[in-house]
Number of protein chains: 2
Amino acid sequence: MRTTLQPGLTNRLTKYLRTTQQLIEEGRDAVSSKELGDYTGINPVQVRRDLNAIGFSGTRGVGYQAYDLVEAVRDILGLRQTYNIALVGAGNLGSAIAASTILPKRGFVIHDVFDADTDKIGRTVGNVVVKHIDELAKSVAEAEEIIGIIATPASAAQHVADLMTEANIRVILNYTDVLLHVPSHVDVHRIDPTAQLMHTLYYLTQAEGQEAS
Amino acid sequence: MRTTLQPGLTNRLTKYLRTTQQLIEEGRDAVSSKELGDYTGINPVQVRRDLNAIGFSGTRGVGYQAYDLVEAVRDILGLRQTYNIALVGAGNLGSAIAASTILPKRGFVIHDVFDADTDKIGRTVGNVVVKHIDELAKSVAEAEEIIGIIATPASAAQHVADLMTEANIRVILNYTDVLLHVPSHVDVHRIDPTAQLMHTLYYLTQAEGQEAS
DNA sequence: GGATGTGAACGACTTCACAGCT
DNA sequence: AGCTGTGAAGTCGTTCACATCC
């Protein structure tokens, strides 16, 4: 009986996963709920409740076994498989994304890179040769890609989104500034650094205002 | 009596702000709570409650006046001022960030760009001349910067974070993959595209598993 | 008709407090 | 001593349903 987990829980589990993976890289063996709470901004009690909810136990006085925790969460979230990604845009941003280690470490592989600029076709970005955007549909089908990243100039974003939709891409990561219009079965995620900034700055300026009292 | 808004609310307000601004760019005049809900993933009822909570009213049968809404939210969040940002890392990623329109549109200005590579010093990135990382403390003080962006290779990230902390930076946007250790008065935000991916893919694969029934 | 505004019930998250293991 | 595990109370967010107004 594999019941679907609640949205909030899956969200938090991914955070535990990322921070624990990184603590392991630092050589850590066990992690406490307090630590996970500090790094993720989630209440320690909530952390314990969540890990408990997925049937994972720690040892009192010590914490949770880091490696086991990672495995347990990956199992629960079904993150054992690798996903191929189609990246469109081979400029500065696209090159940076293709070269980054963040995606591969989490089981995502930039399998194809596309661009409309014929000068860029054939160049290598990351480990991948840049293809022309016209080949997107074919490549996406062949590599069974369901995730697309848009790292083009803003002016091309909607067009690329349309191409991706036609090619049966289901999830789009949008690094541009434009609001994409897509069918409801396609999930768009914006990478917007200001979202977090605005939120934080509100509290920062509030705090400053109160320091006078 | 300017009471501090609840965390959840400010978070949601920033989302309404961004999408409304972009709808305005598309020439839209009025927005409905349903639309805002669709684009932000927030329940329309919640949208109405939130706008109500900050004392902003729409017109029934029509929606909310887009321009007025933007102004109202900016007032409430105190986002009238402009913030200068210190960006460290003038490689592909740093260049892309400096050239992007996302930040300036929201009142953030990349005022200084730093790098450790002497070959890059003096080059222009975005509209800014790259300085050596040693000048960070001085520049940050002069421009009264409280926000720093780390767009360096992962190996340099912690060192840069230390420099920023010493220079009195209060908010750090971390584009690298490493877990930064900073004093508790410094806010670190990770730009991690996989966070949203993992969450979405969980539901996508769950749904596929159930299509058979 | 179409959208806002709002009461009421529900569910999720937070927090306190404390028992229990190592 | 330190950290997990958990009951219970309180707060916040979500959703349904429907009245209200343009």
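Chain A is the first sequence line, chain B the second, and so forth, proteins listed ahead of strands; every chain is numbered from 1.
Side chain of B:Arg74 to main chain of B:Leu79: a donor-acceptor pair is present (N/O by atom type, distance under 3.5 Å, no hydrogens or angles). In this structure, A:Gln158 contributes its side chain and A:His181 its backbone to a donor-acceptor pair below 3.5 Å.
At a non-hydrogen distance threshold of 4.0 Å, nothing from residues 30-42 of chain B comes into contact with DNA chain D.
Dashed line: the shortest gap from a side-chain N or O of B:Gln46 to OP1 or OP2 of D:dG13 is not under 4.0 Å.
Per the geometry, CG belonging to A:Leu51 stands 14 Å off C1' belonging to D:dT6, to the nearest Å. When rounded to the nearest whole Å, the span between CG of B:Asn52 and C1' of D:dG13 equals 16 Å. Look at CD1 on A:Ile54: it is 11 Å from P on D:dG5, rounded to the nearest Å.
Between A:Asp38 and A:Glu35 the shortest side-chain heavy-atom distance does not fall below 4.5 Å. Put simply, the side chain of B:Val140 does not reach to within 4.5 Å of the side chain of B:Asp112, judged on heavy atoms. B:Met198 places none of its side-chain heavy atoms less than 4.5 Å from the side chain of A:Leu13. B:Ile149 is not listed as a side-chain neighbour of B:Val88, based on a closest heavy-atom distance of 4.5 Å or more. Between A:Val171 and A:Val186 there is no side-chain heavy-atom pair separated by less than 4.5 Å.
Between the side chains of B:Thr14 and A:His199, no donor-acceptor pair of N or O atoms lies under 3.5 Å.
Extent of DNA chain C lying under 4.0 Å from chain B heavy atoms, first and last nucleotide in 5' to 3' order, is C:dG2 to C:dA8.
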Atom pairs, protein N/O to nucleotides 16-22 of chain D N/O, distance under 3.5 Å:
| from | atom 1 | to | atom 2 | distance (Å) |
| --- | --- | --- | --- | --- |
| D:dT20 | O2 | B:Arg60 | NH1 | 2.4 |

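With salt bridges taken as basic N to acidic carboxylate O contacts below 4.0 Å, none links A:Asp187 and A:Arg170.
The shortest heavy-atom contact between A:Val125 and A:Ala90 is CG2-CB, 4.3 Å.
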